[in-house]
Amino acid sequence: MREKLESLKVSAEEALSRASDSRELESLRVRYLGKKGELTAILKQMGSLAPEERPVMGALANDVRNRIEEMLGKRSVEIEALELEKKLQDEDLDITLPSKRKVLGHKHPMNILQDEIVEIFRSMGFVVAEGPEIETPYYNFTALNTPEGHPARDVQDTFYFSDDLLLRTQTSSVQIRAMENMSPPIRLIAPGRVYRKDDVDATHSPMFHQIEGLVVDKNITMGDLKGTLDTLFKELYGKDIKTRFRPHHFPFTEPSAEMDLSCFACRGQGCRVCKGEGWIEMLGCGVVHPRVLEYCNIDPTVYTGFAFGLGTERMTMLRYEIEDMRLLFENDMRFLSQF
Amino acid sequence: MKLSRKWLNDFVDITDISDRDFAAAMTMSGSIIEGYSYPGADITNVVVGKIMEVAQHPNADRLLVCTVDVGKSDSVTIVTGANNIKVGDIVPVALDGATLPGGIEIKKTTMRGVASDGMLCSIDELSVTSNDFPGTDSSGILILSDDNNDISLDNVELGDDIRPVLGLDDSVAEFEITPNRPDCLSVIGLARETSAVFERPLNISRPTVKAGHGDISDYLEVEIESDLCSRYAARVVTDVKIEPSPAWLRERLRASGVRPINNIVDITNYVMLEYGQPMHAFDYSCIDGKKIVVRTSGKGETIDTLDDKERTLMENTLLICDETKPIAIAGVMGGANSEITEDTKVIVFESANFDGPSVRRTATSIGMRTESSARFEKGLDPENVIPALERACELIELLGAGRVIEGIIDCYPAPQERTSLELDADRINSILGTQLSEDFMKSILNRLGFEIDGNTVRVPSWRQDVQIVHDLAEEVARLYGYDNIPMTLMKGDITIGALSQQQRTEKVIENTLYALGYSDIITYSFIGTSSYDKIRMPGDSPLRNSVRIMNPLGEDTSIMRTVSLPSMMEALGRNYKNRNDWAHLFELATVYHPRNDDLPEERKVVTLGVYDEEFDFFDLKGDLEVVLESLRIDYRFIKSNKHPAYHPGQCAEVYSGSKLIGVFGQVHPAVTDSYGIDTRVYAAELDFNTMFDSIQQETMYRPIDKFPSIERDMAVVCDQSVPAGDLVDTVLRVSGELLKSCEIFDVYTGDQVPKGKKSVALSLIYRHADRTLTDAEVDDLFNLSLSALGKEFGAVLR
């Protein structure tokens, strides 16, 4: 019997070490350790042994069983690892095949720019103000120091619904409404649609967008205007961007300025974007005219302010080198999906 | 405003300043130079030559072979087809490699066997006209030495560049002058600026007129009957000889973009350009009653203007009249009846000041903006009237164009008061953010012609735009240099840069839609009435009541949209036409509803539009569910066939409680058809404000369920017409709070169920918050649902 047990152990060790998958391993387990297995068969003969030999053989049989179980366990871990490896090999993918992608919508380039600008101004404590697009001449002109008879009020440039109602020609009208409803300190920007009677072409559209800015507080200076706009453009285009201010004229600011930006495409060297100038005309701005403050019942001897207005279309076109303004309003997927 | 730099040098010498530096300095001080034109820029290697010999071409009857001295040791041979030349003529010669206007290049060539070293030029080829050079023959070669023209060859040598000879060696700066500075629409005005910017002396001398015969009061009387004319001055010139102006004068007009006509007309234009004061010359013989009356027009009055058109005038148009008739529209254009002609012998020069807005109204109403009206409408300096008039008469005498009659008529009922301002240096510094000294400010203002007396600043008469301390601040700043103002950041109370709740909600909607694959579009707010027809809007719909533009660009942009669908359809149609496979678009579109006694109401509409073969009603429904849930809106969809723009069987309204948020569904095929789209289109229109008002409060945390749920599936057979959602509603209603969810997971029609019936499979999940449910409890609820479905819909367990 000892020999049988010993040979069972040897044959089991050999068979187990040869087993190559979990099914084979399971059948070996049944063969050796199962109820009808070989070890059970040997143990059944235990009764024929002399009583003093029984404990010895019992112990030996247990050793053999333990040894086989240990081998089974070890092999099972090894085989599982092998099988996992094989499974992973089988699951090898050609990852260059097309994805099952979700389509992401595209933000209109003007809204990309507008959102960026709004974010920068928000970080400087500006709120976003809105106002009606259909306005009265008072808010669009009169209170902006553009009295009746002023050329800017011409029917040639302005869409009118009646003598008392028009499509705003500038977001500056929001300044007046905001100043009527808020008290200083005021820091606001007002992005929005504006309208002028221009035929559609590569650089004109009867409807376009502006972003207006207004600050009213004590001790606001033209230097603050320069610093604020300089901050905006450095945030937008990088620290090495420069701003340049030139005298200009607007009825609602005094002093008034136009701001040029060192070309962000060529960094001021002169290129197609800036037409070789190195500078790009960007926006109009200035110190709020005291008459405008008076119209809004803000005391110009106590408060000063600055205002600016930039053309969203123009900025967008320059930034993305879009040569025809019509593309911004055609909403063609071939255009929109580029952004 | 075109400025000849040669002309500018009469008043301020900046010959040593390059065009580039001049442009930079002027632009940075507020007189923007947009660019330069160089009249002779296209002409190179064209020189003065003298014809030494002329011979017949041996092989061509119509060609001549000329030997031309161009100042070099060897003369050149030129073959020409012209026949107006003779030996001894001085002519322009384009040598080998020369360029001419229009990109023409001249090369040595052989013409019918004879080598030609270049070309003799006509005035056309040099891009000037016989108006510029009266007396020249434009059909042949320009003969510089011809006595019929007045081209001066003094100090000109053979071989010299032709450009200075023809006055084509100028630089002309193109200025953009802001409307507050009409004084800068003149050479003298820009000279003043130049002198201040470059700190160079300004040489303006008062014109001197000898006159010395006659007495103007024998000739003319002027009466101003309207306060739209603040000053009217006139002088009379007799013995007028109408002839071309001299070359120097013509050259300056040409450089300024004005066509020379004759000496009298040219003088009025010259003075306008130099002084910025529009002038007019009348033929005295046409003035009835020796009298000029400045008055406004009556109803229906007409005048024939210089351009030979009869103009009917608005009432109250300011007119220059004689005793019987109008002879000019003040500040805009003269009348044909008093025009200067070749026979004119006596003239009246007018120099006057007219009301800006009045001139502008007139010019606009008759659709005629002239150099004169463009200046008047911005408001001119009445003090400039006399110097300009004197300058015109000085030129008459200089040109020998006539005899100036002694005396000036000057009607100036209420002389303009000069503005005086206090120089408050602290205030100016506080506006600018600078620390400039008072003396520095004074020196700048002084350079600009302001007179300083202690702390009082007297504004020059030509600077009516300077009225308050802010205007002085701008003057100081622009000459100090805006660039020298230090950049600072605002100080003061902190403000919060937050978006409003509405603005944040807009961002949530936008971001959700981008994530769902929709791209945003920007469309015009105005549409045409035909757009309402295209979306099948009933004729009596109140939405057809739109705000209408009085002066639209066209019918299709004439009303403010009350609905956003047409703009979306147009964008989809354009994509479809451009053969884009699909488009998923949205717009946060503003619509405009008229209101009585108030501004129109502007509302935002979240508008979705899709065409895509892979997209159907339920895709759209799902997208809307995501949008509405992202906003925490408790919503329900109710099928509707009341929207003519939509498919009657594939359209639903979106409600929150009893509030209608909007509508969505498949767009009616007739509508897609009218936009040229030959595939299914889906759209949604959701009112932003209603959505915003429907947003629920933030939810509070609820403990996560601890006890297991029990799932049951239920398949029932019912009539096909029963909406499956109604089955769900019933099950939810009768089951109470233990039923956590009830979802449709399959709808079947076909062989396995009777005709006209369908099988609806529901997945039910039950759970109790505090304990594990028993099967018996769930069975009871399940059976309760089943019997309710049976009772309400005749549904039976499959």
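Residue numbers start from 1 in every chain, and the chains themselves are labelled A, B, ... in the order their sequence lines are given, proteins ahead of strands. Because only heavy atoms are used, hydrogens play no part in the values below, and waters and symmetry mates are left out as well, while side chains stay in.
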So do the side chains of [X] and [Y] get within less than 4.5 Å of each other, counting heavy atoms only?
X	Y	result
A:Phe339	B:Ser519	no
B:Tyr592	A:Glu133	yes
A:Thr231	B:Met487	no
B:Asn551	A:Phe159	yes
B:Arg574	A:Glu330	yes
A:Met333	B:Trp582	yes
A:His249	B:Glu474	no
B:Ser430	A:Thr221	no

Look at atom [atom1] of [X] and say whether more than 12 heavy atoms of other residues, nucleotides or ligands are closer to it than 6.0 Å.
X	atom1	value
B:Lys491	NZ	yes
B:Glu34	CD	yes
B:Arg20	CZ	no

Distance from [X] atom [atom1] to [Y] atom [atom2], nearest 0.5 Å?
X	Y	atom1	atom2	result
B:Ile522	A:Leu336	CD1	CG	9.0 Å
A:Lys197	B:Thr557	NZ	OG1	9.5 Å
B:Ile549	A:Tyr195	CD1	OH	8.5 Å
A:His108	B:Phe586	NE2	CZ	11.0 Å
B:Asp598	A:Ile134	CG	CD1	11.5 Å

Quick one: closest heavy-atom pair of [X] and [Y], and the distance?
X	Y	result
B:Tyr482	A:Lys226	O-NZ, 2.6 Å
A:Lys107	B:Tyr514	CG-OH, 2.8 Å
A:Glu130	B:Glu506	OE2-OE2, 4.3 Å
A:Gly125	B:Thr495	O-OG1, 2.8 Å
B:Thr523	A:Met207	O-CE, 3.3 Å
B:Ile468	A:Pro290	CD1-CG, 3.5 Å

ask   = When you check the side-chain N and O atoms of A:Arg193 and B:Ser525, is any donor under 3.5 Å from an acceptor?
value = yes

query = Are B:Asn575 and A:Asn331 linked by a side-chain donor-acceptor pair shorter than 3.5 Å?
reply = no

key: A:Arg246/B:Asp483 under salt bridge (Lys or Arg N to Asp or Glu O under 4.0 Å): CA gap, chis, key distance, verdict   = CA-CA 8 Å; A:Arg246 286 182 285 104; B:Asp483 270 0; over 6 Å; no

key: Backbone of A:Asp224 reached by a side-chain donor or acceptor of B:Thr488 within 3.5 Å   = yes

Any donor-acceptor pair under 3.5 Å from A:Asn219 side chain to B:Gly492 backbone = no

ask   = chain B heavy atoms under 4.5 Å from A:Val127: which part of the residue, side chain, backbone, both or neither?
value = both

